[in-house]
Amino acid sequence: MRYIGCHLSSSAGFAAMGRTALSIGANTFQFFTRNPRGSKAKAIDPADVAAFLALAMEAGLGAILAHAPYTINPCSKDERTREFARLTLADDLRRMEYLPGNLYNFHPGSHVGQGIETGVTQISETLNAILSPEQTTTVLLETMAGKGTEVGSHFEELREILDRVTLSDHLMGVCLDTCHVFDAGYDIVNDLDGVLTEFDRVIGLNRLKAVHMNDSIFGLSSHKDRHAKIGEGKIGTEAFRRIINHPVLRRLPFYLETPNELPGYKAEIELLRAMVEES
Ligand code: FE
Ligand code: FE
Ligand code: ZN
């Protein structure tokens, strides 16, 4: 049994995403909370939420992953940009409580020349301003490729953020993106065990809550962040077979973010399901 899904368009609502996921062999999915460029989110429709929750229960869907718009930057040099990130994250988390107990993932940010230390400080301050002890959503920091001045391409940077967030033990985790960690220099192709041992040493495997399944157009340490379809990049099919069957990963939800439309995702989910070895 694996939870495998892909990124879906959220324009038709939660129940529609659930039906779409089931129609392509998925038992979970990821979606953007709003336009990826960060505009205003659509109002939550209680009837849609109720229909989704019923469907998720009946079909046994796994935790779904909401993805923040990727343009928000909690460690911008500009205070107004940081404030916009704070308001957007807070609004998303408020909305997530309509679907209790799921996952919310965001890119930590780009320090734009301020340096990692300032970036980490500003990201943690943002989280400390918006997390509340009552929330049921787990907030995930995504591992990043290290493009430009991105924070989060070294496990140590994610550890630092978690350490500085007061409620992190209870409310926060990490989403490992296969393309991003490979681009960042973690060799999940030749040494998956070594990378996971390093993750455990620095962050702790108890923090690992989700996996983004993407092949990478560019090679190890390329810092490019260009996703490829599974088996069509430098990571390759065999590495994904090891990932989906790894004892510390197999119980996590896997989300594809490959360059595909629905038929391509359906084929890729079939490919991943065919790799699953039950023990
Ligand atoms: Fe992402
Ligand atoms: Fe990702
Ligand atoms: Zn990416």
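We number each residue from 1, following the sequence as shown. When a ligand or atom number is given, it counts from 1 through the structure's own listing order. Note that the structure is predicted; figures quoted are calculated from it, not measured.
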(message) Against His227, only a single residue in His212, His7, His180 fulfils ring-ring contact (aromatic ring centres under 6.0 Å, His included); can you say which?
(response)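 The residue from His212, His7, His180 that satisfies ring-ring contact (aromatic ring centres under 6.0 Å, His included) with His227 turns out to be His180.
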Do any of the N/O/S atoms of [X], backbone or side chain, fall under 2.8 Å from the Zn ion (ligand 3)?
X: Cys179; value: no
X: Glu257; value: no
X: His180; value: yes

Over 12 foreign heavy atoms within 6.0 Å of [atom1], [X]:
X: Phe218; atom1: CZ; answer: yes
X: Arg241; atom1: CZ; answer: yes
X: Met1; atom1: CE; answer: yes

(request) Measure from the Zn ion (ligand 3) to every N/O/S atom of Asp225 and report the name of the nearest one. (result)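 It is OD1, the N, O or S atom of Asp225 closest to the Zn ion (ligand 3).
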(message) What do you get for the angle at the Fe ion (ligand 1) between NE2 on His107 and NE2 on His67, to the nearest 10 degrees?
(response)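 Rounded to 10°, it measures 100°.
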(request) Could you go through the side-chain hydrogen bond (donor to acceptor under 3.5 Å, both in side chains) check for His67 and Gln30 one step at a time? (result) CA-CA 7 Å; His67 197 306; Gln30 173 178 276; 4.9 Å; no
(request) For the atoms ND1 of His212 and OD2 of Asp177, give the angle they form at the Fe ion (ligand 2), rounded to 10 degrees. (result)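 Vertex the Fe ion (ligand 2), arms to ND1 of His212 and OD2 of Asp177: 100°.
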(request) Could you tell me the angle subtended at the Fe ion (ligand 2) by OE2 of Glu142 and OE1 of Glu257, rounded to 10°? (result)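 Value returned, to the nearest 10°, is 170°.
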(message) Between Cys175 and the Fe ion (ligand 1), is there a contact where an N/O/S atom of the residue lies under 2.8 Å from the metal?
(response)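 Checking the Fe ion (ligand 1) against Cys175, no N, O or S atom falls under 2.8 Å.
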(message) Using 2.8 Å as the threshold, say whether any N, O or S atom from His180 sits that close to the Fe ion (ligand 1).
(response)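 Checking His180: none of its N, O or S atoms is under 2.8 Å.
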(request) May I ask you to decide whether Glu198 forms a salt bridge with Arg201, counting only side-chain N to carboxylate O separations under 4.0 Å? (result)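 Salt bridge between Glu198 and Arg201, a charged N being under 4.0 Å from a carboxylate O: yes.
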(request) For the pair Glu83 and Arg80, find out whether any cationic side-chain nitrogen is under 4.0 Å from an anionic carboxylate oxygen. (result)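 Salt bridge flag = no for Arg80 with Glu83.
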